[in-house]
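Working notes for the structure below.
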Amino acid sequence: MRRQYRGEGIDVGALPSTPFPLFTAWLAEVAGAELPEPNAMVVATATPDGRPSTRTVLLKEFDERGFVFYTNYGSRKGVELGANPAVSLLFPWHALARQVIVTGSAERVSRETSAEYFRSRPRGSRIGAWASEQSRPVAGRERLEKRYAEAAAGFADIDDIPVPEFWGGFRVVPETVEFWQGRENRMHDRLRYLREGDDGGGHTSWRVERLSP
């Protein structure tokens with residue numbers, strides 16, 4: 001199974017000094033194309049001895065500081081990031097023959113930031129966060145639904161469901177951001193931003209290199 005990519009390529013001369021304006025533009029194009037889950041990304045983590053694992057989550061926010069997603073801190077990815085913060089993100093925008101690959105280090109966002117986002121979630125999702133012991137074995141679907149029903153009953157008279165202590169956000173602080181655009185004959189464009197340093201005033205400098213496809 002193979003297809004010929006015919007993307008227009010990346011205009012190197014028009015690249016911004018940081019990766020975030022280009023990421024913003026690409027994400028807007030994916031959303032404008034009405035593709036499903038445009039903010040879906042594959043998160044790759046590893047144990048301290050190098051055993052990897054991957055899963056798809058949703059990007060919830062990003063800015064010059066990094067890319068944020070939320071999870072149960074007791075989940076497999078939460079535990080692995082607690083022990084080994086090295087992480088990689090992949091945005092697989094196949095319909096546009098594009099990928100963005102981020103490598104960096106994960107850090108927890110503040111409790112205030114997690115609580116603010118948690119309050120924006122639908123009530124059912126907030127209850128689900130309390131009910132699910134994410135990544136842990138469960139005896140059956142019936143047990144899972146019973147836990148949800150018990151949590152829903154416990155919060156029946158509470159409008160402002162609090163954020164669990166075991167739940168919150170991670171911010172992936174990028175060290176590299178690679179933009180991949182499919183081109184004909186496997187001569188793809190791969191432009192990678194590499195973080196070079198911070199000036200102490202909140203400004204980060206980046207350099208760009210082209211990678212062979």
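When reading the values below, keep in mind they use all heavy atoms of this one structure, side chains included, and skip hydrogens, waters and symmetry mates. Just so you know, these numbers come straight off a predicted model, no measurement behind them.
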Hey, does the side chain of [X] reach the backbone of [Y] with a donor-acceptor pair shorter than 3.5 angstrom?
X: Gln181; Y: Ala97; result: yes
X: Ser132; Y: Ala129; result: no
X: Thr54; Y: Val43; result: no
X: Ser135; Y: Arg76; result: yes
X: Arg147; Y: Ala131; result: yes
X: His188; Y: Pro213; result: no
X: Asn39; Y: Leu58; result: no
X: Asn72; Y: Trp167; result: no
X: Arg65; Y: Val173; result: no

Once you round to the nearest 0.5 Å, how far does [atom1] of [X] lie from [atom2] of [Y]?
X: Glu29; Y: Leu35; atom1: CD; atom2: CG; answer: 10.5 Å
X: Leu59; Y: Leu27; atom1: CG; atom2: CG; answer: 7.0 Å
X: Glu64; Y: Thr204; atom1: CD; atom2: OG1; answer: 7.0 Å
X: Ser105; Y: Arg171; atom1: OG; atom2: CZ; answer: 12.0 Å
X: Arg183; Y: Arg190; atom1: CZ; atom2: CZ; answer: 14.5 Å

Side-chain contact test, heavy atoms from C-beta onward, threshold under 4.5 Å: evaluate it for [X] versus [Y] and give yes or no.
X: Val163; Y: Arg111; result: yes
X: Thr56; Y: Glu37; result: no
X: Glu196; Y: Ser205; result: yes
X: Lys77; Y: Gln134; result: yes
X: Glu133; Y: Val138; result: no
X: Leu81; Y: Phe170; result: yes
X: Leu22; Y: Leu15; result: yes
X: Phe118; Y: Pro164; result: yes

Closest approach of [X] to [Y] (non-hydrogen atoms, all atoms of both residues):
X: Gly66; Y: Pro174; answer: CA-CD, 3.8 Å
X: Tyr117; Y: Ser120; answer: O-OG, 2.6 Å
X: Pro92; Y: Ala40; answer: CD-O, 3.8 Å
X: Ala46; Y: Asn84; answer: O-ND2, 3.3 Å
X: Ser88; Y: Thr103; answer: OG-CG2, 4.1 Å
X: Val79; Y: Gly74; answer: CG2-O, 3.7 Å

> Are Lys146 and Glu142 within salt-bridge range, i.e. N to O under 4.0 Å?
Replying inline: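 Answer for the salt bridge query: no.
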> When you measure from the centre of the six-membered ring of Trp26, is the NZ or CZ of Arg98 under 6.0 Å away and within 45° of the axis?
Replying inline: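 The answer is yes, since Arg98 meets both limits relative to Trp26.
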> Relative to Tyr73, does Arg108 satisfy both conditions: NZ or CZ under 6.0 angstrom from the six-membered ring centre, and within 45 degrees of the ring's axis?
Replying inline: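 Ring-cation test returns yes.
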>> In terms of relative ring orientation, are Phe155 and Trp130 parallel, tilted or perpendicular, with 30° and 60° separating the classes?
In response: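 Ring orientation, 0 to 90° scale: tilted.
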>> Can you classify the ring geometry of Phe20 versus Trp206 as parallel (below 30°), tilted (30 to 60°) or perpendicular (above 60°)?
In response: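 Because their plane-to-plane angle is over 60°, the rings of Phe20 and Trp206 count as perpendicular.
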> Does a side chain donor of either Glu80 or Ser53 reach within less than 3.5 Å of an acceptor in the other side chain?
Replying inline: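 A pair is found: one side chain offers a donor N or O, the other an acceptor, under 3.5 Å apart.
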> When you check the side-chain N and O atoms of Arg55 and Thr45, is any donor under 3.5 Å from an acceptor?
Replying inline: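 There is such a pair between these side chains.
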> How does the hydrophobic cluster around Met187 look, that is, which other residues are in it when side-chain heavy atoms under 4.5 Å mark a link?
Replying inline: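 Hydrophobic cluster check, Met187: no partners found.
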>> Checking Tyr193 against Phe179 for the side-chain contact (heavy atoms from CB on, under 4.5 Å) test, could you report, in this order, the C-alpha distance in whole Å, the side-chain angles of both residues, the deciding distance, and whether it holds?
In response: CA-CA 8 Å; Tyr193 283 81; Phe179 294 86; 3.7 Å; yes
> Are more than 12 heavy atoms from other residues, nucleotides or ligands located less than 6.0 Å from atom CZ of Arg51?
Replying inline: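 Counting other residues, nucleotides and ligands, CZ of Arg51 stays at 12 neighbours or fewer.
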> Does atom CD of Glu116 have more than 12 heavy-atom neighbours from other groups under 6.0 Å away?
Replying inline: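 Atom CD in Glu116 is not packed in, count stays at 12 or less.
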Is [Y] reachable from [X] through a run of hydrophobic residues whose side-chain heavy atoms are each under 4.5 Å from the next?
X: Val87; Y: Phe67; answer: yes
X: Trp93; Y: Val57; answer: yes
X: Phe23; Y: Leu90; answer: no
X: Phe91; Y: Val30; answer: yes
X: Leu194; Y: Ile101; answer: no

>> Consider salt bridge (charged side-chain N to carboxylate O under 4.0 Å, His left out). Of Glu209, Glu175, Glu178, which one does Arg192 pass it with?
In response: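 Exactly one option meets the salt bridge (charged side-chain N to carboxylate O under 4.0 Å, His left out) with Arg192, and it is Glu209.
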>> As a quick check of understanding, evaluate side-chain contact (heavy atoms from CB on, under 4.5 Å) for Tyr148 and Arg143, giving each step before the final call.
In response: CA-CA 9 Å; Tyr148 183 90; Arg143 176 56 182 160; over 6 Å; no
